[in-house]
2 protein chains.
Amino acid sequence: MPRKKRDTSEKRGSIISAAIEAFQAEGYDNTSMDRIAELAGASKRTVYNHFPTKEALFEAVFDRFLGEVMALKRIPYDAELSLAEQLGDFAAAKLRVLDDPVWLGLMRMALGVFVRDPEVARATLACAAAGEDHLAAWLEAAAAADRLTVQNSKLSAEVFWGMVSGGLLWPQVVQGPMPRPEAKVLETELIRTFLAGLSPG
Amino acid sequence: MPRKKRDTSEKRGSIISAAIEAFQAEGYDNTSMDRIAELAGASKRTVYNHFPTKEALFEAVFDRFLGEVMALKRIPYDAELSLAEQLGDFAAAKLRVLDDPVWLGLMRMALGVFVRDPEVARATLACAAAGEDHLAAWLEAAAAADRLTVQNSKLSAEVFWGMVSGGLLWPQVVQGPMPRPEAKVLETELIRTFLAGLSPG
DNA sequence: GAATGTAAACTACACGGTGTAGTGTAGTGT
DNA sequence: ACACTACACTACACCGTGTAGTTTACATTC
């Protein structure tokens, strides 16, 4: 017979929220456990009762973050829309983290942690590869409809994500946002270039 | 009348070298000034006599690093060589930091610092944009020779650097090296795609 | 159904241990 | 006179723990 149990998820949740707030604004190292406790409206002891170490708290934070972000819309192939338009949707999905300053802050924090710990980085970025599979599937659908020629959909997907990441995502994560119109021009050109590489076969 | 002066550049240099060694291996935060002094074979006081703060030392380190790396070979347009070959040289120039573990370590360290300080990041990455100008000039030369059609050389250069950065550079900086053949295949495909975008006009 | 017991969850706060940026100073060598 | 060394020392920040006492909510009892 289970004796008494109390619902601790609320406190736990507020601690994670506080940690997100602090990590995002100040970075991992510059955030003390005292500060997180204060933001959470909890005693430090309670924080440690929920998470044995700061690193454990980081993992919980990052899990929630991934859960929210990786609820990425799976863009299905649509015969009605232009290819460029649909690729724009893929790019937009990847760049959505830039719109929310909290997400952006978490990206920065995570990058700072990853850069010190390649293991964690490799493990986590493997998860981000899910987006590549969706795009590869989309490419094959478009190829089946004879709207483009693709020899290696996995490779092409990698190329496209590389273009978006290197041209638009990382620069803005590291340096802060670039002017909207400039970003749009670059995005258009990236998509045009990518499609050009898929037309000749 | 010049009083007495001694050449302090040797000690200063050994301090910077020691800092490079330590920063590269352990990261900025995990490196103490005591450790740097020890590696340099100097007293901590001497370190502080040369560099008032740890941050000043970081800047000196990064300056030397940039000086070495940004001695990038300026690839001149060569009518004899294939375009793909020459773009491969540009890519290789950018990816050279991956070959030297010390440079790679410094990239990681710098990224960790940038991610906490967007101002420094923006200032420094502006310097890296020098590579874009070289490529833009090369593109115009190739266009003048009628080997490709480029409407906006600056934009196209940005696209190419984005492709190389996002597909090859950052992933390997953050996650560690990828298998050589895999990298080569991706590089070839990136270049093919980029050139495809420049042929129709 | 209200009063009451009780253990889990929580608070407040002090403390140990550690690490580190940066300084002060007296003295050595050139 | 100047660069440097050795080393003690300040000042501070932070992770994580120990503890004594308080609140909360569930279970039992009346």
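Lettering follows sequence order; numbering is per chain, from 1. Since this is a predicted model, take the numbers as computed values, not measurements.
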Nearest-angstrom distance from the residue atom [atom1] of [X] to [atom2] of [N]:
| X | N | atom1 | atom2 | result |
| --- | --- | --- | --- | --- |
| L57(A) | dC14(D) | CG | P | 15 Å |
| I36(B) | dT20(C) | CD1 | P | 11 Å |
| E38(B) | dT20(C) | CD | C1' | 15 Å |

Apply the test ring pair (Phe, Tyr, Trp, His ring centres under 6.0 Å) to residues F114(B) and F62(B): give CA-CA distance (whole Å), side-chain angles for both, the deciding distance (0.1 Å), then the verdict. CA-CA 12 Å; F114(B) 290 165; F62(B) 205 75; 5.6 Å; yes

Going 5' to 3' through nucleotides 13-18 of chain C and flagging B where a protein heavy-atom sits under 4.0 Å of the base, S where only the sugar-phosphate is that close, and - otherwise, we get ------

Quiz item: Hey, are R147(A) and D78(A) close enough for a salt bridge, meaning a charged N less than 4.0 Å from a carboxylate O?
Solution: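 Result for this pair is no, no salt bridge flagged.
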
**Asked** Considering only heavy atoms, which members of residues 19-34 of chain B lie under 4.0 Å from some atom of DNA chain C?
**Response**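 Only T31(B), S32(B), M33(B) qualify.
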
Identify, residue by residue, the members of residues 47-55 of chain A with a heavy atom below 4.0 Å from DNA chain C, and return them in order of residue number, or none.
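Only H50(A) qualify.
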
Got more than 12 heavy atoms from elsewhere within 6.0 Å of [atom1], [X]?
| X | atom1 | answer |
| --- | --- | --- |
| K154(A) | NZ | yes |
| E55(B) | CD | no |
| R74(A) | CZ | no |

Q) Which ranges of DNA chain C pair up as stems, where a stem means three or more consecutive Watson-Crick or G-U pairs with both distances under 3.5 Å? A)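 When the pairs of DNA chain C are grouped into runs of at least three, the stems are C:1-30 with D:1-30.
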
Practice task
Quick one: list whatever passes ring pair (Phe, Tyr, Trp, His ring centres under 6.0 Å) with F90(A), sequence neighbours left out.
Solution key: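 By the ring pair (Phe, Tyr, Trp, His ring centres under 6.0 Å) rule, F90(A) matches W138(A).
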
Indicate yes or no for a side-chain donor-acceptor contact from [X] to the backbone of [Y] under 3.5 Å, with no hydrogens or angles considered.
| X | Y | result |
| --- | --- | --- |
| Q86(A) | L81(A) | yes |
| R192(A) | G197(B) | yes |
| Q172(B) | M178(B) | yes |
| K11(B) | G41(B) | yes |
| R108(B) | Q24(B) | no |

Short side-chain N/O contact to dC2(D) OP1/OP2 from K11(B), under 4.0 Å
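K11(B) to dC2(D) OP1/OP2: no side-chain N or O under 4.0 Å.
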
- request: Hey, can you tell me if F65(A) and W103(A) have their rings parallel, tilted or perpendicular (30° and 60° cut-offs)?
  value: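 Perpendicular, since the angle between the ring planes exceeds 60°.
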
Check your understanding: Which is true for T46(B) with a 4.0 Å heavy-atom rule: it touches a base, it touches only sugar-phosphate, or it touches nothing?
Key ->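 Contact class for T46(B): base.
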
Practice item. Please list, chain by chain and in numerical order, all residues satisfying salt bridge (charged side-chain N to carboxylate O under 4.0 Å, His left out) with K54(B), sequence neighbours excluded. Key: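 Testing K54(B) for salt bridge (charged side-chain N to carboxylate O under 4.0 Å, His left out), a comparison that skips the adjacent residues, returns none.
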
